[in-house]
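Here the structure is laid out as structure tokens; the discussion comes afterwards.
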Amino acid sequence: MSNQQAENFAAEAQHCLQALTANQSSAFRPGQLEAIEQLVLRRKRVLLVQRTGWGKSAVYFITTRLLRDRGAGPTLLVSPLLALMRNQIEAAQRMGVRAATINSSNQEEWEGVYAEIASDQIDVLLISPERLADRGFRAEHLPSLAQRGGLLVVDEVHCISDWGHDFRPDYRRIKGVLDLLPQGIPVLGCTATANNRVVDDVAEQLGTELVPIRGPLGRDGLQLRVFAPAPQQKRLAWLAETIPSLPGTGIVYCLTVRDAERVASWLTYRGIDAVAYTGDSHNDHRLETEQQLLSNQKKVVAATSALGMGFDKPDLSFVIHYQAPGSPIAYYQQVGRAGRALTESWGILLQGYEDADIQNFFIDTAFPAADQAHKIVGLLEQTVVPLKLSDIEREVNIRHSRLEQLLKILEVDSAVERVDSGWQRTLQRWSYDSQRVEAVTALRREEQAQMAEYVSADQCRMELLRSHLDDSQAHPCGICDNCLSDQRDLAASTHTIQAAVDFLRGTELTMEPRKQDPDRKKIPEEQRCEPGWVLALWGDGGWGAIVQSGKAEGHFGDDLVGASADLISERWRPDPAPTWVTHVPSLRNPGLVKDLARRIAQKLALPWHDAVAKVHDTQPQKFMQNSAKQYANIEGAFAVVPDVPTGPVLLVDDVVDSRWTLTVIASQLRRAGVELVYPFALADTAGRSSRD
Amino acid sequence: MTDDRGLGNRSEVGQDSLAAVLMTSKLASDGVKPLAASEYWKRPELANKPSELLGASSQVLCNVHGLAKEMADRINALMDRSIAMAFELDRLQHSGIHTLTPFDQHYPCQFRYRLRDKAPVVLHAAGPLELLDRPGFGVVGSRDIGVEGAEVAKSAARLASRMGLPVVSGGARGVDSLAMNAAVNEHRAGGSAVGYLADSLERQLKQPDTRRAILDEQILLCTPYRPDGRFTAGRAMGRNKLIYAGALVTLVVASDKDTGGTWSGAVEALKHRYGPVAVWRGPGEGPGNEHLEHLGATPVSSFEVLETLLIDVQSDPIPTETATPLEAQSQLPLPLEISVNS
């Protein structure tokens, strides 16, 4: 290319940029024009590693415009974030780039999008990775949508690397596609977080001719702080006292869904405008929460890592971690959301004694154990015909949610696939790749050690994070606690700490009645129990720990009986009220729950009846890992004695795990003529018993 | 973790393979018509090094590669399918359907000698690809077959299996499935089968017996058509070619005369020399068998004769070494006369 041609091209691109920004004096940032040139003129594959807000979307919108002007087909943009791109799409329209979106929530618009693609009126088609991973969509819709694709853009491309901290199964399909895409088709991968190892891995997927363009990842004005580990009540109290004094809005990151929900409800209880955002939240709720945070309608969002990828709020003023993530890269990605457009912002890391346990849990369960993987693949290979999830559950003793997760991992490995009627073995050869599992697990351990190093370091924290990201321009920031020699203790008033203790004890939880048996058959309305309550979470900081020690000692103290009666009569107040009390019988320890139920009845001034008998012994439910196994374990184990009262009954248990026992007994009581059954338990392990 | 595969951007061969797929595959083809095999093969500028055409504009295709304007535009439009094609190939790959071209190591190289410019450019196959590495023993015949004919089909398949030859057939009802099943049932003798399908590969792969046999690495199913395609008479004929070309020798168990797919397939194979044809002359034969012998098929009247025939064809294999698909063109004709020493 001659100098004259290069200049003409630069001018053409510059013109697009000015249209995009609606600003005549806009200039390219270092790297932007280079990326556009590589894509448009050389049809290369480009990997952009640049911090959020650097202007990656300008690169792909301008590239699209220039490629389209040269006769290329539309751009296919794979991005997990569709709702938030509205502003960018509007900007793109200013230079004549028309975008359309295909996702699960706008199916009624697909027909129109097809027509527009067919008549070449779309320049950028945005598709979510979930859509791409959907079998039916890929078979029926994608071939026509992607028909003439001129540029493939993969946003958050680090997700295709299983070396990365953020590997997502949905992205695995993209990895396969990149491998089957010939040279000459420009590909742009974008990410804000990738160290050398991930860049190398992504480069291998994108091909050796990849052009990496990396910029500095530092964040000016972000003040990093780390506090020593503290118990939950102290951290909750500190949050409640500190957040109102922080300017602007922010995020509190937690490691588990339950912690995020608890932090949100505690802050709300303390009068702070807070909301939870987790992987369990409904899609609509998530979108609404993102919008509320973007428009400063909420002070703070308590979130898991589900609030992450690409979430773009330039004026987010603080990111607090309630617990420590397992890797400095994951930490950088989350804390780096703060203060991109602010001169001053905060990144504060709190730590709990539970952090290491939770991190270990994530590391240990990232891959199926060899025997579990062989069991599942072997089963499907043996039956050949597709099996429903509940059929698989019946054969393998693996918890429902875990089984789903394992199937997804095995699907990524092309060992199994989802078809209309269930899961089946693919026709691919497969063997358990223990080498890869060991290598990735070792890397996670290394990252965990690096995170431990981060929290105990006395060098500059930002410099340390950037060096873990292989950012060659890392240097001391001058404003973190180490640079300022400003280490402080986590301080909160005794009053607030006491309130947090009371709150933790009072986080009683409701239990939804099961409406289906393990075969997904509906349990008839007249055989179900009512919504029930539990006093605490098993082993938790509030009542949970007291329940745990009571169970170990074989006696529950009066404090638990009193708290239970208070909960039932003061807060729960079932209506119509129970007229008698019974309990879940046990052959192994017949006295413990019977005594508890009798004392609760006494406290509530209700009669107690020994209404349910255990007719044969069963294994503890906690050894049964899934519904089908649990159900089979207890089906037929109980019998209701003759002539029980027919009024509403309170059904007491000590620790509830799967809710199947309560479901089965309630159904038998109702069939014996009892009007309503209200289940109550001291603690809910909610499937955590296997981790105790 | 999964399979070795040639297709893909990791190697130069993979790039040629992808380019060949883009020019000829009917996958992801809503608009412009993909090249027929004959259109592809007769242009050495395409068939020799197709990857050189990747990313080239119509102008470059005309001026540098010497293509006519209309062909250049068409190839350009076909190459535009790259992204959609990558998604399609990956989808097939994920469920175990491999895509092969003459650039892949498992593509049966005798196809080019025998079928010349009718050799399929793209094959989709599920099962152990190694079964394509050497020619097998073809068994064909009509769908409706009597007890004696059925016995011949099964015995012939068992004989080939015990001699270590895969049975090659069409996967249709009657002789095809009798022979293939007989081979698969010879699992202790290492029996295996290759089926060239005229109807939907994807649908066939839904059959539990088929999945079982593939997972046990006993059969390979292959089609030159879209894996979701439907059966047509034209496809049946196209698929017959592959059986004859994919076998050291193909035995016609029973054929009608002047009608039916078996008859036309055998006549075509004899006429165009797609591969050596043998015909059963004994109890269970069809009304067309005698005429096929007159047209040049080698008569086989007993299993002793068949065994000798199979030993002979194995000891005198067709040449299979070739560097590029184009060189293959000059290596015709293939040995047609088979002497039977009975």
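Residue numbering restarts at 1 for every chain, and letters A, B, ... go by the order of the sequence lines. Note that this is a predicted model, so its numbers are computed, not measured. Only heavy atoms go into these numbers, but all of them, side chains included; no hydrogens, no water, no symmetry mates.
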Contacting moiety of A:Arg70, where chain B heavy atoms sit under 4.5 Å
neither
Select, from A:Arg43, A:Gln435, A:Glu417, the one with the greatest count of heavy-atom pairs under 4.5 Å involving chain B.
A:Glu417
Rounded to the nearest 0.5 Å, how far does NE2 of B:His94 lie from CD of A:Glu411?
4.5 Å
Can you say whether A:Leu152 sits under 4.5 Å from chain B via the side chain, the backbone, both, or neither, judging by heavy atoms?
both
Check whether A:Arg148 gets within reach of chain B through its side chain, its backbone, both or neither, counting any heavy atom under 4.5 Å.
both
To the nearest 0.5 Å, what is the distance between CG (B:Leu18) and CD (A:Gln183)?
9.5 Å
Is there a side-chain contact between B:Arg81 and A:Pro143, using heavy atoms and a 4.5 Å cut-off?
no
Tell me which of these, B:Ile214, B:Ile97, B:Leu92, has more heavy-atom pairs under 4.5 Å with chain A than the rest.
B:Ile214
So, for B:Gly96 and A:Leu427, which heavy atoms are closest and what is the spacing to 0.1 Å?
CA-CB, 4.2 Å
A:Val385 versus B:Pro208, closest heavy-atom pair with distance
CG1-CG, 3.6 Å
Please look at A:Leu132 and chain B and tell me whether the side chain, the backbone, both or neither of the residue comes under 4.5 angstrom of a heavy atom of that chain.
side chain
With a 6.0 Å cut-off (strictly less than), is the heavy-atom count around CD of B:Gln59, excluding the residue itself, greater than 12?
no
What's the separation between atom CG in A:Leu181 and atom CG in B:Asp90, rounded to the nearest 0.5 Å?
11.0 Å
Nearest-0.5 Å distance, CD of residue B:Glu88 to CG of residue A:Leu180
11.5 Å
Here the gap from A:Leu380 atom CG to B:Arg211 atom CZ, rounded to the nearest 0.5 Å, amounts to 10.0 Å
At a 4.5 Å cut-off on heavy atoms, which part of B:Leu22 comes close to chain A: side chain, backbone, both, or neither?
side chain
Greatest number of non-hydrogen atom pairs under 4.5 angstrom with chain A, of B:Ser82, B:Ala77, B:Ser57, B:Gly55, falls to B:Ser82
Short side-chain to backbone donor-acceptor contact, A:Gln428 and B:Gln93, under 3.5 Å
yes
Interatomic spacing from OG1 in A:Thr426 to CG in B:Leu215 - rounded to 0.5 Å
7.5 Å
Write down the atom of B:Pro128, the atom of A:Arg429, and the distance for their closest heavy-atom approach.
CB-NH2, 3.5 Å
